[in-house]
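Some notes on the structure that comes next.
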Amino acid sequence: MGCRRIPSTARGNYTLGLKDQLVFPEIDYTRVDKIKGMNITMTTSAKNDEQGRELLKALGVPLREKGVAQ
């Protein structure tokens with residue numbers, strides 16, 4: 001399990017789409033009147049996808065390994 005691999009942006013950037021804001025423990029779910037999603041983009045200074053992938057892995061992003069089924 002893990003996040004999908006970085007698409008070929010050639011810059012190592014990664015965008016993660018969330019369907020529900022309640023994944024953040026800071027949000028009081030009793031005050032939420034509507035479920036909202038969001039996109040989170042991590043922009044790196046990597047020169048290519050491999051460098052970006054290594055940086056994100058070092059930061060703890062659980063990326064799937066190549067060839068692992070989704």
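For this chain, numbers begin at 1 and follow the sequence in order.
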Spell out, yes or no, whether [X] and [Y] are grouped together once hydrophobic residues are joined by side-chain heavy atoms under 4.5 Å, including indirect joins.
X   : Y   : answer
I40 : L55 : no
Y29 : M38 : yes
I35 : L16 : yes
L59 : F24 : no

Subject >> Closest approach of Q21 to I27 (non-hydrogen atoms, all atoms of both residues) >> reply: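 For Q21 and I27, the tightest heavy-atom pair comes out as O-CD1, 3.1 Å.
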Subject >> Nearest non-hydrogen partners of G52 and A46, listed with the distance >> reply: N-CB, 3.3 Å
**OP:** Drop me the distance from Q51's CD to T44's OG1, to the nearest 0.5 angstrom.
**Re:** 8.5 Å
Subject >> Distance, nearest 0.5 Å, that separates NZ of K36 from CG of L22 >> reply: 11.0 Å
